[in-house]
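Quick notes on the structure that follows.
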Amino acid sequence: MTTTLTDRLAGPEPDMLTVDDAIDRVLAAFRPLPDHERVPLDQALGRVLIEDIPADIDLPPFDTTAMDGYAIRAADVEQASKDNPITLQVIGQIAAGKVAQQPLRPGQAFRILTGAPMPEDADSVVPYEDTDGTGFGGWSGAAGAAQAAAETQIRVFAPVERGENVRFRGEVQRRGEIVVRAGSVIRPGEVAVLATFGRPDVWVYRRPRVAILSTGDELVTAAQRPGPGQIRDGNAPALAALCRQYGADPIQLPIAKDDPELVRSALRSGVEQKADLLITSGGVSMGDFDVVKHVLQSEGAVSFWSIDLRPGKPLAFGHLRGVPILGLPGNPVSSLVTFELFARPAVLKMAGHTRLQKVELLATAIEPIKNTSGRENFMRGIVDRRSTPTGETEWTVRLTGEQASNFVTSMAKANALIRVPKTQRVIQPGEKARVLILDWPGLW
Ligand code: AMP
Ligand code: MG
């Protein structure tokens, strides 16, 4: 009997899991890894911190000037104006990294440059623009330095408030307070904070190790020329790249032929190499040569799921010798999409992340996007930005073209997966589609 689209839309087959349920079930089997490592800050990007980091100093560590100008006492220039300039005696210059050797007395000024510590007893900085001081506004070599050193007095043309143009000690951060919390993802901003507060290395979750196994009698490596009936293995290199993209270390196992003994020993070697997750591609559907299924059935605690999903309906998940295993379908698009959906959040969770879902955008379809699969469909799309006639920016989306799961080239054209609900047969031009961006940095 053939099923029509209407039949398929009537409801899922009773044993079919929704994508979201399948993700939940996979995630329930993972915990953040119990072991941690100390890494230099320049290798910490994207890692998850396991310690609270306190500020080891006040920031700024001293009162400092926010401007180039003169450190003074505000009271001295209270009456200053264009018509009534106040003359102050210049007693020296403080550049960033230098410290004044004497306190400031009434009627005096220090030339001071941005970032330099305030001299004792000065309470504010008058910007050089409000004075007749010379030699500011950029590097002018030895002549400039001589001119600055020769300056003995200045006239001030405007008053300042007490504290004006001063950055006070501890105003950014007080010593002892937590500046980055355990569980934080280390991004460039965290790197700046950690370096500022004296952490050249940090404790983070270790990277998960993921063993990757391609199975199939027909497969040869990228370096080989396929003989009759053979194709190159595109999946293992791509799955390894996905692992790296999401912060895991891939362990590449050699291609296994469709022979239970070979698949078994390949998986065993993944376990021996201390994989935290085993990923296979191919061999999990119904064919006689689907030996991965056979091996997992005979020696793992593995379930075979039919997921209400296109591409990638068959999926195996469970444990083998205590190690979680995900059996992905062999078609290239299916294996990459199911990695994104099911392996990615598992890898992130092991690495200590708590935000596991990919960010979804709404994009305006600019062509009809048809879903005749009767399943939730993650179609390959191209997301762009455009300006609307009213001058707003919006995301648009179109298909990459052919959507069959063997069209590996569609993955290279796509920058997004378009998530089309199973009951929606078409997204019309102008309607919004949910999209997951593929080429944003790992966590997006
Ligand atoms: P399977 O899931 O083993 O039945 O494979 C489904 C389809 O995907 C078949 O056409 C295979 O030749 C193809 N395939 C399986 N593994 C790979 C791979 N690693 N790279 C490219 N194509 C593959
Ligand atoms: Mg196969």
Side-chain angles (χ1 to χ4, degrees), residues 16-17 22 210-245 250-267 269-270 275 277-298 300 302-318 320 325-344 373 375 377-378 380 400 402-414:
M16 276 230 240
L17 280 173
V210 181
I212 292 165
L213 177 66
S214 282
T215 67
D217 280 345
E218 73 278 35
L219 301 178
V220 297
T221 70
Q224 290 171 294
R225 182 140 205 102
Q230 295 183 322
I231 57 169
R232 293 199 183 98
D233 170 19
N235 291 356
L239 295 170
L242 281 163
C243 287
R244 289 223 163 80
Q245 172 153 298
I251 303 167
Q252 302 244 32
L253 303 172
I255 295 168
K257 298 260 182 230
D258 289 320
D259 170 323
E261 257 332 295
L262 296 177
V263 169
R264 198 170 282 132
S265 77
L267 290 173
S269 128
L277 169 64
L278 303 166
I279 292 186
T280 61
S281 81
V284 288
S285 45
M286 299 301 182
D288 285 345
F289 294 96
D290 287 325
V291 298
V292 174
K293 186 167 186 177
H294 171 76
V295 169
L296 297 185
Q297 270 167 338
S298 62
V302 178
S303 319
F304 293 85
W305 295 346
S306 240
I307 301 178
D308 205 5
L309 161 69
R310 171 145 315 175
K313 174 179 161 191
L315 191 87
F317 180 66
L320 188 117
I325 180 161
L326 257 177
L328 307 181
N331 270 305
V333 174
S334 308
S335 69
L336 269 61
V337 170
T338 49
F339 185 106
E340 287 280 0
L341 295 176
F342 306 109
R344 174 186 177 277
S373 69
R375 305 206 199 117
N377 202 337
F378 288 77
R380 269 69 61 218
T400 52
E402 179 56 60
Q403 293 291 315
S405 61
N406 58 329
F407 272 65
V408 66
T409 46
S410 74
M411 288 306 295
K413 290 178 190 160

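Since the model is a prediction, treat every value here as computed from it, not as a measurement. Just so you know, ligand 1 is whichever comes first in the structure, and atom 1 is the first atom listed for that ligand. These numbers come from the heavy atoms of this one structure, side chains and all, not from hydrogens, waters or symmetry mates.
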Looking at K293 and V284, what are the two nearest heavy atoms and their distance?
-> CD-O, 3.9 Å
Test of proximity, G234 against ligand 1: N or O pairs below 3.5 Å | yes
Heavy-atom distance under 4.5 Å between the side chains of I231 and P226, does that happen here?
-> no
Would you mind running through ligand 1 and noting each atom that sits below 4.0 Å from a heavy atom of R232?
-> 20 (N), 21 (C)
Hey, looking at atom 10 (O) of ligand 1, which of N331, N406, T280 has the closest heavy atom?
-> N331
Any side-chain heavy-atom pair from V292 and D290 closer than 4.5 angstrom?
-> no
May I ask you to identify the nearest protein heavy atom to atom 18 (C) of ligand 1, giving residue, atom name and distance to one decimal place in Å?
-> N235 ND2, 3.2 Å
Counting only heavy atoms, which portion of A236 has something under 4.0 Å from ligand 1: side chain, backbone, both, or neither?
-> neither
In the protein, what heavy atom is nearest to atom 19 (N) of ligand 1, and what distance, to one decimal place, separates them?
-> D233 OD1, 2.8 Å
Closest non-hydrogen atom pair between L315 and F342, with its separation = CD2-CD1, 3.9 Å
Salt bridge (charged side-chain N to carboxylate O under 4.0 Å, His left out): which pairs involve residues 255-264, sequence neighbours left out?
-> E261-R264, R264-E299
Closest protein heavy atom (residue, atom, distance) for atom 22 (N) of ligand 1 = I231 CD1, 3.5 Å
Decide whether S214 and D233 meet the rule of one side-chain donor and one side-chain acceptor closer than 3.5 Å.
-> yes
Begin with the C-alpha distance, continue with both residues' side-chain angles, and end with the deciding distance and a verdict on side-chain contact (heavy atoms from CB on, under 4.5 Å) for L253 and S269.
-> CA-CA 8 Å; L253 303 172; S269 128; 3.5 Å; yes
Qualifying salt bridge (charged side-chain N to carboxylate O under 4.0 Å, His left out) pairs, either residue in residues 335-344, two or more places apart | E340-K358
For ligand 1, is any non-hydrogen atom under 4.0 Å from V408's backbone (N, CA, C, O), its side chain (CB onward), both, or neither?
-> neither
Pairwise side-chain contact, P311 with R380, heavy-atom cut-off 4.5 Å (strictly under) = yes
How close do A238 and L336 get, heavy atom to heavy atom, and via which atoms?
-> CB-CD1, 3.7 Å
Does the N or O separation between G330 and ligand 1 drop below 3.5 Å for any pair?
-> yes
Which ligand 1 atoms, with their elements, are less than 4.0 angstrom from a heavy-atom of G283?
-> 1 (P), 2 (O), 3 (O)
Which ligand 1 atoms are under 4.0 Å away from a heavy-atom of G282?
-> 1 (P), 2 (O), 3 (O)
Going by the order shown, which atoms of ligand 1 are within less than 4.0 Å of some heavy atom of S285?
-> 4 (O)
For ligand 1, which part of E218 has a heavy atom less than 4.0 Å away: the side chain, the backbone, both, or neither?
-> side chain
In terms of atom number and element, which parts of ligand 1 are under 4.0 angstrom from non-hydrogen atoms of S214?
-> 19 (N)
Is there any N or O on L219 that sits under 3.5 Å from an N or O of ligand 1?
-> no
